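Keep in mind it's a predicted model, so treat the numbers as computed, not measured. Both backbone and side-chain heavy atoms feed into the values below; hydrogens, waters and symmetry mates do not.
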Amino acid sequence: QVQFEESGGALVQPGGSLRLSCAASGFSLAGYAVGWFRQAPGKEREAVSCVGSSSGSTYYADSVKGRFTISRDHLENTVWLQMSSLTPHDTAVYYCAANTMRSVCVSPLRQYEYDYWGQGTQVTVSS
């Protein structure tokens, strides 16, 4: 059974940092690009970041460039999203998913190419 589990979300003050984790079981992430997406209340889900199979391919939405860093470890079958300088605009449910069609990140990220979505982890940035 394939499962993606996001974790690490929390309530954090503006300017704070969080590290989100995306752990996969029953499925090897190694050959695929993995993306992080988020959905804020009342808004459509949007792409945040992506890392390719070799980690040399990455993508960041303009809104998070310079603040977020994506990384992965094939042995741990996990992808992380390090978030810093958080603002209330970053408040959302964050999801990870694997692009089973590509091993590299292609901009713009096409959500229909991504499978095995997890339940998400809530990030709330508020004072």
Side-chain angles (χ1 to χ4, degrees):
Q1 182 180 1
V2 176
Q3 283 189 317
F4 277 36
E5 183 174 359
E6 303 93 341
S7 62
L11 170 64
V12 63
Q13 292 188 340
S17 299
L18 283 175
R19 188 192 196 203
L20 305 184
S21 298
C22 171
S25 58
F27 179 83
S28 173
L29 296 173
Y32 305 102
V34 176
W36 281 97
F37 302 82
R38 68 186 181 186
Q39 187 166 20
K43 296 187 177 181
E44 293 187 354
R45 188 167 60 193
E46 63 176 358
V48 175
S49 184
C50 171
V51 60
S53 176
S54 68
S55 296
S57 168
T58 58
Y59 163 88
Y60 295 96
D62 288 342
S63 59
V64 307
K65 280 181 182 176
R67 300 188 299 120
F68 290 12
T69 302
I70 193 168
S71 60
R72 68 187 300 166
D73 186 298
H74 289 316
L75 290 178
E76 294 194 30
N77 211 29
T78 300
V79 175
W80 296 274
L81 185 68
Q82 178 69 47
M83 309 187 296
S84 60
S85 301
L86 288 163
T87 77
H89 295 295
D90 297 313
T91 295
V93 178
Y94 284 70
Y95 302 89
C96 66
N99 187 330
T100 57
M101 299 177 64
R102 301 180 189 275
S103 62
V104 296
C105 300
V106 176
S107 176
L109 302 189
R110 300 175 180 85
Q111 295 191 36
Y112 64 81
E113 294 182 348
Y114 287 78
D115 293 314
Y116 305 126
W117 295 82
Q119 294 300 307
T121 186
Q122 175 70 49
V123 172
T124 303
V125 185
S126 176
S127 56

Indicate, with yes or no, if [Y] and [X] share a hydrophobic cluster defined by side-chain heavy-atom contacts under 4.5 Å among Ile, Leu, Val, Met, Phe, Trp and Tyr.
{"X": "Y116", "Y": "V48", "result": "yes"}
{"X": "V2", "Y": "V79", "result": "yes"}
{"X": "F68", "Y": "V93", "result": "no"}

field: Derivation of the side chain to side chain contact (heavy atoms under 4.5 Å, CB included) call for L11 and Q122
entry: CA-CA 8 Å; L11 170 64; Q122 175 70 49; over 6 Å; no
If you round to the nearest 0.5 Å, how far is [atom2] of [Y] from [atom1] of [X]?
{"X": "Q39", "Y": "T91", "atom1": "CD", "atom2": "OG1", "value": "14.0 Å"}
{"X": "S107", "Y": "L109", "atom1": "OG", "atom2": "CG", "value": "6.5 Å"}
{"X": "Q13", "Y": "T124", "atom1": "CD", "atom2": "OG1", "value": "13.0 Å"}
{"X": "Q119", "Y": "S7", "atom1": "CD", "atom2": "OG", "value": "13.5 Å"}
{"X": "K65", "Y": "T58", "atom1": "NZ", "atom2": "OG1", "value": "9.5 Å"}
{"X": "C50", "Y": "E113", "atom1": "SG", "atom2": "CD", "value": "10.0 Å"}

field: For the student: nearest non-hydrogen atoms of A47 and F37, plus distance
entry: CA-CD2, 3.5 Å
- prompt: Quick one: are the ring centres of Y95 and F4 less than 6.0 Å apart?
  reply: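 So the answer is no for these two rings.
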Is there a side-chain contact between [X] and [Y], using heavy atoms and a 4.5 Å cut-off?
{"X": "I70", "Y": "L81", "value": "yes"}
{"X": "E6", "Y": "Y94", "value": "no"}
{"X": "P14", "Y": "T87", "value": "no"}
{"X": "H74", "Y": "S53", "value": "yes"}
{"X": "R110", "Y": "R102", "value": "yes"}

Which atom pairs, donor and acceptor, lie under 3.5 Å between side-chain atoms of residues 15-36 and protein residues at least two apart or in another chain?
unit_1: S21; atom_1: OG; unit_2: W80; atom_2: NE1; d: 3.3
unit_1: S28; atom_1: OG; unit_2: A30; atom_2: N; d: 3.3

- prompt: Strictly by modelled atom types, are D115 and T100 linked by a side-chain donor-acceptor pair under 3.5 Å?
  reply: yes
query: Any side-chain donor-acceptor pair under 3.5 Å between Q82 and S84?
result: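 Absent: no donor and acceptor within the cut-off.
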message: How about CD on Q111, more than 12 heavy atoms from neighbouring residues, nucleotides or ligands closer than 6.0 Å, or not?
response: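 Counting neighbours around CD of Q111, more than 12 heavy atoms of other residues, nucleotides or ligands fall under 6.0 Å, so yes.
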- line: residues 23-39 vs salt bridge (charged side-chain N to carboxylate O under 4.0 Å, His left out), sequence neighbours excluded, gives R38-E46, R38-D90
- prompt: Could you give all pairs that pass the ring-ring contact (aromatic ring centres under 6.0 Å, His included) test and reach residues 39-65, with sequence neighbours left out?
  reply: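 Sorted result for residues 39-65: empty, none.
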